[in-house]
Asks: 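Have a look at the structure that comes next, please.
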Amino acid sequence: MNINVRFAPSPTGYLHVGGLRTALYNYLFAKQHKGNLVLRIEDTDQSRKVDGAIDNLIESLNKCGIIFDKGPTEYSTDNLFIQSNRLSIYHEHVTYLLENNYAYACFDDDFLQYRDKSYNKEQLIDTSYHVRLKIPNNELTVKDEIRGDIKFDLSLIDDPVILKTDQFPTYHLANVIDDHDMDISHVIRGEEWLPSTPIHVVLYDYFQWELPVFIHLPLLLNPDKSKLSKRQGHVSVDEFLNEGYLPEALINFIALLGWNPKNNNEIFSINELIEQFNIKNIQKSGAVFDINKLNWMNGEYLKDIQAESIVSLCKIIFEKHNFTIEDNTDFIKIINFAKQRSHTIADMVEQTTPFFVDPSYNVEYRDLLLDKQSKRLFSLLLEQVAVLNNIEESEIKEIISNLSMEIHVKGKELFFPIRLALWGDVHGPDIGLIIKILGKEKTLARLNKALKYG
RNA sequence: GGCCCGUUCGUCUAGUGGUUAGGACUCAGGGUUUUCAUCUCUGCAACAGGAGUUCGAUUCUCCUACGGGCUACCA
């Protein structure tokens, strides 16, 4: 059996993390079975179309490592993976349904009165009509791979519109025809589609097509358990990436929302996910998107990653915060310091701000800054740094330890005032690193400022 | 309202007809680090409720409650 799966978003804007997870599960499933992953653009609602959305979608997905085997490479008119280019195909199928009495034309929303009528093609020319699918009155069982058999009473379902007045198909029709034409073997999609699956099954039945396997994924939830949406934190993949969440971490985190490998591991590369992913281990209930845990996981990735490999990404984000990167070697040092203690790259900016702009003093330590002993420390350090030609961290360390012996001060009493003067707070990087990055001039200036403070 | 799906620590989850119900995030506390962070150790914390089946149910069945999704000429 050939395994073909698809991710079928509508181009209405940015890629949502829920969409990313659906795409990911499709991708993992396809790769694992040496099948194909198809990208299909469902743009049958002309009013909701957003320019550039397709390129955007593809770019976000690609950044996260999800590559399609088939799909539109660009938004070109002859592309078969974009539904708006397949209108004539849908029309042919509508004709088939109409001719076999599986569907009927309606001239207004009071559709029941048209249910038993039929019109030939000539009668429909120059009229404004839509087409509805006749849903029979029997019971129907849908098989979902995760939930098992689900019974529906079809008499409770209204005849759905399959062709709109503007002659575009609705989702139900286009989706079924495309899945068949693209030889989709497994439909992996969000749980919100479960209630409309019987409509799709009826369509398959009318066309006498073989059903794909249906796999409905549990929803991603807001902290209040409603369906994940904006308003309660951000959900756009782009936003996460721009804030400096690493694609690998985002993918890892999202993979574990609704699926688990039945062991206690938490960190997975994409290849490990491909190896271990299993439909059977997908959860039935929805999963709250916990930003807290994503932060932790992103931090784990940040700790492990080589500074060199994120330097250009960091540069973009630091420059977005108006920090100019002058020296690459220094910047790597800064990254190495910050990535150990940050959740995201945006966090790293915050952690390292005093490297770039003169800090204001933490008011809690005002007294320490005014202290006579502190002032003495500042002036002694100032003297010693002033005579240095080029600054090495080891040298600074030595100077400070000599200073410690000279005035008999050590530990916090020694480091707090110095760090306060140079960094604005008693906590921060190693003093050697601060001075090394700051350079002689800025170090002297900050010591001077602290000396005069009060 | 109707239909459908779901329910193990606050969150992500493991698990079993008999377990001290396990792990991770968060939180709290200890240790390491002459700062902070990292790291590490410890702790707090869950089987929605009620019947039934059974020697025994968190686990199987039913009911209730609660939560969510869908109910568009949106996907």
Asks: I want to check one thing: is the phosphate of B/A75, taken as OP1 and OP2, less than 4.0 Å away from some side-chain N or O of A/Lys164?
Replies: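 For B/A75, OP1 or OP2 has a side-chain N or O of A/Lys164 closer than 4.0 Å.
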Asks: In whole angstrom, give the distance that lies between atom CZ of A/Arg48 and atom P of B/C73.
Replies: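 From A/Arg48 CZ to B/C73 P: 14 Å.
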Asks: Using the C1' atom as the point on both nucleotides, what is the distance between B/U16 and B/A75, in whole Å?
Replies: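 To the nearest whole Å, 42 Å.
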Asks: Go through the steps for A/Phe318 and A/Phe331 under the test side-chain contact (heavy atoms from CB on, under 4.5 Å), then give the verdict.
Replies: CA-CA 10 Å; A/Phe318 272 73; A/Phe331 192 45; 3.8 Å; yes
Asks: Which nucleotide in the list B/G23, B/C73, B/G69 gets nearest to the side chain of A/Leu219?
Replies: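 Looking only at heavy atoms from C-beta outward on A/Leu219, the closest nucleotide is B/G69.
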Asks: Give me the distance, rounded to whole Å, that separates B/U54 from B/U59 when you measure between the P atoms they each carry.
Replies: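 Taking atom P in both B/U54 and B/U59, they lie 16 Å apart.
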Asks: Compute the ring centroids of A/His200 and A/Tyr171, then answer whether they are less than 6.0 Å apart.
Replies: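 So the answer is yes for these two rings.
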Asks: Taking 4.0 Å as the cut-off, does a side-chain nitrogen or oxygen of A/Lys225 come that near to OP1 or OP2 on B/U11?
Replies: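 It does, given that an N or O in the side chain of A/Lys225 lies less than 4.0 Å from OP1 or OP2 of B/U11.
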Asks: Taking only side-chain N and O atoms of A/Lys293, does any of them lie within less than 4.0 angstrom of OP1 or OP2 on B/U26?
Replies: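 Negative; the distance criterion is not met.
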Asks: Expressed in angstrom and rounded to an integer, what is the separation of A/Trp423 atom CH2 from B/U35 atom C1'?
Replies: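 Interatomic distance, CH2 of A/Trp423 to C1' of B/U35: 13 Å.
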Asks: Work out how far the C1' atom of B/A57 is from that of B/U11, and round it to whole angstrom.
Replies: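 These two C1' atoms come out 27 Å apart once rounded.
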Asks: Calculate the interatomic distance between A/Lys151 atom NZ and B/G2 atom C1'; express it in whole Å.
Replies: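 Rounding to the nearest Å, NZ of A/Lys151 and C1' of B/G2 are 19 Å apart.
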Asks: Closer than 4.0 Å, any side-chain N/O of A/Lys262 to the OP1 or OP2 of B/A14?
Replies: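 The answer is yes; a side-chain N or O of A/Lys262 sits under 4.0 Å from OP1 or OP2.
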Asks: Any donor-acceptor pair under 3.5 Å joining the side chain of A/Arg419 to the base of B/U35?
Replies: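 Answer yes: a donor N or O sits under 3.5 Å from an acceptor.
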Asks: Work out how far the C1' atom of B/C66 is from that of B/G23, and round it to whole angstrom.
Replies: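 The same atom, C1', in both gives a distance of 28 Å.
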Asks: Once you round it to whole Å, what is the distance between P of B/U33 and CD of A/Gln340?
Replies: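 Value for this atom pair: 18 Å.
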Asks: Could you tell me the separation between the CD atom of A/Glu350 and the P atom of B/A37, rounded to a whole number of Å?
Replies: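 Checked: the CD to P distance equals 16 Å.
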Asks: With a 6.0 Å cut-off on the ring centroids, do A/Phe107 and A/Tyr114 count as close?
Replies: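 Ring centres of A/Tyr114 and A/Phe107 closer than 6.0 Å.
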Asks: According to a strict under-4.0 Å criterion, is A/Asn260 in side-chain N/O contact with OP1 or OP2 of B/A14?
Replies: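 The answer is yes; a side-chain N or O of A/Asn260 sits under 4.0 Å from OP1 or OP2.
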Asks: Establish, with yes or no, whether the OP1 or OP2 oxygen of B/C73 is under 4.0 angstrom from a side-chain nitrogen or oxygen of A/Arg132.
Replies: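 True: A/Arg132 side-chain N/O within range (under 4.0 Å) of B/C73 OP1/OP2.
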Asks: So, OP1 or OP2 of B/C74: does either fall under 4.0 Å of a side-chain N or O from A/Gln46?
Replies: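 No, outside the criterion.
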Asks: Pick the P atom in B/A51 and in B/C39, then give their distance to the nearest Å.
Replies: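 47 Å, rounded to whole Å.
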Asks: What distance, rounded to whole Å, do you find between the two P atoms, one in B/A14 and one in B/U33?
Replies: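 My reading of the P atoms in B/A14 and B/U33 gives 40 Å.
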Asks: Which part of the nucleic acid, if any, lies within contact of A/Thr44, taking any heavy atom under 4.0 Å across all strands shown: a base, the sugar-phosphate backbone alone, or nothing?
Replies: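 Sugar-phosphate, no base atom in range.
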Asks: For A/Arg147 and B/G68, give me the distance from atom CZ to atom P, rounded to whole Å.
Replies: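 Checked: the CZ to P distance equals 16 Å.
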Asks: In terms of heavy-atom contacts, does CD of A/Glu350 have more than 12 from other residues, nucleotides or ligands at under 6.0 Å?
Replies: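 Atom CD in A/Glu350 is not crowded, with 12 or fewer foreign heavy atoms closer than 6.0 Å.
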Asks: Considering only the P atoms, how many Å lie between B/U7 and B/G15, rounded to the nearest integer?
Replies: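 The answer is 13 Å between these two P atoms.
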Asks: Mind calculating the distance between OH (A/Tyr365) and C1' (B/C36) to the nearest angstrom?
Replies: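 Atom-to-atom, A/Tyr365 to B/C36, this comes out as 10 Å.
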Asks: Give the rounded distance in Å between these two atoms: CE of A/Met297 and P of B/U26.
Replies: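 Going from CE in A/Met297 over to P in B/U26 covers 11 Å.
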Asks: Between B/A65 and B/A28, how many Å separate the two C1' atoms, rounded to a whole number?
Replies: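 Those two atoms are separated by 34 Å.
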Asks: Quiz question: by atom type and distance under 3.5 Å, do the side chains of A/Glu59 and A/Asn56 form a donor-acceptor pair?
Replies: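 No pair is found: no donor N or O on one side chain lies under 3.5 Å from an acceptor on the other.
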